[in-house]
2 protein chains.
Amino acid sequence: MSDLSRAPLTKPSHHHGNLRPALIEAGVAILIEDGLDKLTLRRCAARAGVSHAAPAHHFDGVDGLRAAIAEEGFRIFRNYMLDARGNVGPDPHERIKAICRGYIYFATDFPALFELMFNIKVIYDMVTSPVVPDSALGYDVLRDTCTPFVAPDADPILVETQVWSLIHGYGTLLLAGRFGGSNPDAPLGPIFDPVMALLDQLTVHQPGQTGA
Amino acid sequence: MSDLSRAPLTKPSHHHGNLRPALIEAGVAILIEDGLDKLTLRRCAARAGVSHAAPAHHFDGVDGLRAAIAEEGFRIFRNYMLDARGNVGPDPHERIKAICRGYIYFATDFPALFELMFNIKVIYDMVTSPVVPDSALGYDVLRDTCTPFVAPDADPILVETQVWSLIHGYGTLLLAGRFGGSNPDAPLGPIFDPVMALLDQLTVHQPGQTGA
DNA sequence: CCATTGAATTTGACAGTGTAAATTTTCCAC
DNA sequence: GTGGAAAATTTACACTGTCAAATTCAATGG
């Protein structure tokens, strides 16, 4: 135990120590402090204390860096949903509304990160990538929470898509300022509960049924 | 009727004729042909046949140009919803589903334009602007179509938000490739109808009721 | 008819961006 | 130690948005 002060967990590598996670962390910090349009390869490099061309050895261009930052964002996002769901009882409707609350809490806590993650190009690459599992997108949490409403031999994607569509659209409207400026007393927005009441109509979905 | 070949409708102004609409049209064409990341002040200027600094006299920077292009996009978007609604009968549920179809048809016909319009920054500026009316966002069509489900003294925003959230979230999932590659036989995606069946639960919303 | 005026446009410049190649630094295996 | 490979830097280039100065051109007043 001598001078491993700069070697956190994985192997200390060569120069910087752990440049890749450092760049991702720098990117998240820039998103939080300065917003999406300030997220730049050169800025992340400067914040991590390396030259502007260093990131090229760890990411496939700026798109690769953005994808890695989004991946980290989805990790936080998933934990938000899990935390919210952990605070409610076993009622299936309550559990669905809980992950929706977690969803919106994340969106309002990290709006720029949220915007990056659900950028069409970024999420398209993750969704269609064969190496990114559903769990990396938090989609496994949604799936688990929706199972009580899916009949044994039915396709779960229907109920999942209903819930996911409603909550994502609502989050977009909220961040777009449709319900007025943000209010610390109501971080979910003024009509979260009544809007989500649409999900009270969910019942066990029988295969061949129309859906609600 | 001599040489007014370059003067379409309004006054020919000085140099170019009608540079502002020409730049907007160039931007829309670039979005359709090349995608959102190729939408550039200099590129629009080049396509309109003017120098790279000419747009500055007609728009407030690149953000102003993007806002103007988005405004034009919302005009097309609104017509898509009106056209779709014009093809169905008076049943309120059918009319709501019709504008949802128009919504998705627009998203799949103009994905890059759709992405620009619903960029958080762009739509936030339009939503919160005191000079941009709801009709400029197509929101009036949504409101009109939802009125059968709003009690006389109830706030219409609840039902509107339920419908808008569901369809916008679904459109995002569709463009994100969640349902596989695009299929010309099912441009709305493979589960549009069952997902939208959630809206069959809409009834006249009484004030004080929880929402669905 | 011509000079003047002023808006529209162009030109030139600058800082910032992503990316690529060549170069230097650093560490690990031998 | 020494060689080689990985990591990081330096340098360069094309492209972007923005600004200030110069230029062009249409309309107007004389």
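Here is how names work: the chains are called A, B, and so on, in the same order as the sequence lines, proteins then strands, and each is numbered from 1.
- At a threshold of 4.0 angstrom between heavy atoms, the contacts of A:T40 are confined to the sugar-phosphate backbone, with no base atom among them.
- Side-chain contact between B:R101 and B:V88: present, with at least one pair of heavy atoms (C-beta onward) separated by less than 4.5 Å.
- In this structure, B:L19 places its CG atom 15 Å from C1' of D:dC25, rounding to the nearest Å.
- In this structure, A:N18 places its CG atom 14 Å from P of C:dC27, rounding to the nearest Å.
- Between the CG atom of A:D60 and the P atom of C:dG18 there is a distance of 14 Å, rounded to whole Å.
- A straight line from CG of A:L23 to P of C:dG18 spans 12 Å, rounded to a whole angstrom.
- Protein atom CG of B:D37 is 14 Å distant from nucleotide atom C1' of C:dT17, rounded to whole Å.
- For the pair A:D63 and A:R66, the salt-bridge criterion is met [side-chain N within less than 4.0 Å of a carboxylate O].
- Closest contact between the side chain of B:R42 and the listed nucleotides D:dT16, C:dT19, C:dT10 involves D:dT16.
- Separating the CG atom of A:L39 from the P atom of C:dT17 is a distance of 11 Å, rounded to the nearest angstrom.
- When the nucleotides D:dA8, C:dA21, C:dT9 are ranked by their closest atom to the side chain of B:H57, C:dT9 comes out on top.
- Rounded to an integer number of Å, the gap from A:H52 NE2 to C:dA15 C1' is 14 Å.
- Annotation: cation-pi geometry satisfied between B:R178 and A:Y139 (NZ/CZ under 6.0 angstrom from ring centroid, within 45° of ring axis).
- Between A:L41 atom CG and D:dT9 atom P the separation is 14 Å, expressed in whole Å.
- In this structure, A:G61 and B:P55 both approach DNA chain C, and ranking their closest nucleotides by distance from the 5' end singles out B:P55.
- Note on B:K97 versus B:D193: no salt bridge recorded, every NZ/NE/NH1/NH2 to OD/OE distance being 4.0 Å or above.
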